[in-house]
Amino acid sequence: MQRTACKKRLKCQFIRFQSTLPLPRSHSESIDTLRQKMKGKVPAHQSLLVLYTKTPTKFWPSDIGSASSLYQNALLYQKEFQGKVLLCRSSSNGFRETCSSLNFTDADSPQVHKATFFAKMANPFYINALASGNLGDWAKELRERTQDGIDVVNMLEGPGQARSLIRSSYKSLEYDKKRKLVKKIWVMVCTHGSRDCRCGEHGTAVYGAFIKEISSRKLWHRFNVCEVSHVGGHAYAANVLVYPYGDWYGTMRPEDIPSFIDSIDGIEGGESLSGPQSPLWRGSWFDQPGEPVSEGDQGLRA
């Protein structure tokens with residue numbers, strides 16, 4: 001175990017050393033090649049469950065399941081929906097302090113997390129207290145939300161129409177002065193450095209750039225920004241996920257953030273950095289059609 005950790009540390013140090021060397025002429029070409037390779041590299045999923053924690057990402061283990069039994073059980077449960085599960089640390093200090101910590105001494109101990117569930121063509125669904133013991137109680141609700149999203153998308157004329165409808169929906173009811181928040185765009189940045197140092201370095205820099213830019217523009221009524229665990233595709237760091245649009249982006253850098261925010265917030269002008277036309281585009285959860293959700297197992301396969 002110590003030898004593996006040492007090898008990872010040495011690899012990260014070597015990558016940092018390489019970054020101080022003069023860039024070869026082919027550097028931009030290699031980035032272009034990388035961006036071509038990442039097109040369509042989004043795991044098929046019909047739902048996304050994020051579990052909140054206040055534990056700083058620098059303390060997250062490479063395997064999140066080793067510090068959270070709920071995460072382990074949720075992974076089994078989400079497979080019923082071709083879903084994904086991510087650990088999430090919110091940028092909101094007030095909300096973050098109400099969240100649970102990871103348990104590094106006894107991962108099997110009962111844990112309760114706040115959570116948000118995303119399904120296609122639906123508003124994010126907030127759960128105040130999710131635990132291994134009540135995952136089965138939430139099964140019917142989450143299954144129905146997932147199935148509704150699949151049914152709607154399968155009636156549409158491809159991913160393009162699905163993306164257009166969900167964006168139009170969010171723009172039409174995005175803000176109401178009396179009710180304050182109606183809808184927000186979720187920006188999730190993989191900063192899981194213990195899983196791969198590229199995610200820790202590029203992801204952390206991009207996450208900080210999002211915080212700075214959104215704060216300077218006073219756009220917190222429009223965005224939720226958070227750090228999340230491993231999403232796959234270390235080579236494409238920084239990886240950024242935008243929900244409920246279901247869009248995935250890679251190779252993002254801090255200098256991309258102002259234009260990227262303009263693009264996803266619908267501000268016209270300049271190069272569009274959101275959607276399929278973006279050079280940062282990895283793909284979307286709308287790119288893979290969903291199958292009917294199984295009714296056979298109503299709970300966990302633990």
Side-chain angles (χ1 to χ4, degrees), residues 39-51 70-71 73-86 88 114-128 130 134-174 176 179 181-188 224 228 231-232 240-249 264 266 274-278 281-302:
K39 300 293 184 184
K41 297 294 177 64
V42 173
H45 62 294
Q46 308 304 317
S47 62
L48 173 66
L49 179 68
V50 296
L51 306 175
L70 175 59
Y71 182 87
N73 290 330
L75 282 174
L76 294 173
Y77 174 73
Q78 283 290 93
K79 287 180 181 178
E80 301 294 334
F81 304 103
Q82 306 171 54
K84 289 192 67 66
V85 183
L86 297 175
C88 176
K114 299 178 186 293
T116 297
F117 183 79
F118 296 88
K120 293 179 177 179
M121 310 303 291
N123 290 327
F125 181 61
Y126 176 70
I127 303 172
N128 187 56
L130 188 65
N134 68 14
L135 267 172
D137 298 335
W138 286 107
K140 187 170 186 276
E141 174 73 29
L142 303 186
R143 179 174 282 105
E144 288 177 352
R145 287 176 174 270
T146 302
Q147 186 63 65
D148 287 346
I150 291 173
D151 291 343
V152 171
V153 172
N154 287 345
M155 290 189 294
L156 301 177
E157 297 178 358
Q161 187 180 18
R163 281 192 287 268
S164 178
L165 285 176
I166 194 68
R167 287 174 180 272
S168 297
S169 171
Y170 261 67
K171 291 299 291 182
S172 64
L173 289 173
E174 64 190 17
D176 183 303
R179 296 173 58 196
L181 173 66
V182 176
K183 295 182 179 179
K184 281 190 174 185
I185 297 171
W186 295 65
V187 176
M188 309 178 197
N224 276 327
V228 295
V231 301
V240 176
L241 283 53
V242 179
Y243 282 81
Y245 296 166
D247 295 335
W248 287 39
Y249 300 90
I264 60 176
S274 67
Q277 70 277 9
S278 170
W281 171 262
R282 281 186 59 178
S284 164
W285 67 349
F286 289 120
D287 293 338
Q288 300 92 3
E291 300 295 333
V293 175
S294 172
E295 298 288 343
D297 189 348
Q298 297 297 316
L300 284 172
R301 295 179 298 168

Report the residues that fulfil side-chain contact (heavy atoms from CB on, under 4.5 Å) with Gln161, sequence neighbours left out, ordered by chain and then residue number. Leu156, Glu157, Leu165
Of all residues at least two apart in sequence or in a different chain, which pass the side-chain contact (heavy atoms from CB on, under 4.5 Å) check with Lys41? Tyr236, Arg282
So Leu135 and Leu70, side-chain contact (heavy atoms from CB on, under 4.5 Å) or not? Walk me through it. CA-CA 9 Å; Leu135 267 172; Leu70 175 59; 4.0 Å; yes
What's the shortest heavy-atom distance between [X] and [Y], and which atoms?
| X | Y | result |
| --- | --- | --- |
| Tyr71 | Val85 | OH-O, 3.6 Å |
| Phe286 | Arg163 | CD1-CG, 3.8 Å |
| Tyr245 | Arg167 | CE1-NH1, 3.6 Å |
| Pro244 | Ile166 | O-CG1, 4.1 Å |
| Val242 | Tyr249 | CG2-CE1, 3.9 Å |
| His45 | Lys120 | O-CE, 3.7 Å |

Would you please test Met188 and Val231 for side-chain contact (heavy atoms from CB on, under 4.5 Å) and show each step? CA-CA 10 Å; Met188 309 178 197; Val231 301; over 6 Å; no
Val187 side chain near Ile264 side chain, heavy-atom distance below 4.5 Å: yes
If you define the side chain from C-beta out and look only at heavy atoms, does anything of Pro43 sit under 4.5 Å from Trp248? yes
Where the side chain of Thr146 meets the backbone of Leu142, is there a donor-acceptor pair that is under 3.5 Å apart? yes
Excluding sequence neighbours, so at least two apart, what forms side-chain hydrogen bond (donor to acceptor under 3.5 Å, both in side chains) with [X]?
| X | result |
| --- | --- |
| Lys84 | none |
| Glu141 | Arg145 |
| Ser284 | none |

If a pair satisfies salt bridge (charged side-chain N to carboxylate O under 4.0 Å, His left out) and one of its residues is in residues 146-156, list it, with sequence neighbours excluded. none
Between Asn134 and Trp138, is the side-chain contact (heavy atoms from CB on, under 4.5 Å) condition met? List the steps. CA-CA 7 Å; Asn134 68 14; Trp138 286 107; 3.8 Å; yes
Does Val153 form a side-chain contact (heavy atoms from CB on, under 4.5 Å) with Met121? I'd like the steps, not just the answer. CA-CA 8 Å; Val153 172; Met121 310 303 291; 3.7 Å; yes
Determine the sole option in Leu130, Thr116, Leu86 for which the side chain to side chain contact (heavy atoms under 4.5 Å, CB included) test with Leu49 is passed. Leu130
If you measure from CZ on Phe125 to OG on Ser47, what distance do you get to the nearest 0.5 Å? 13.0 Å
Phe118: what forms a ring pair (Phe, Tyr, Trp, His ring centres under 6.0 Å) with it, not counting sequence neighbours? Trp186, Tyr243
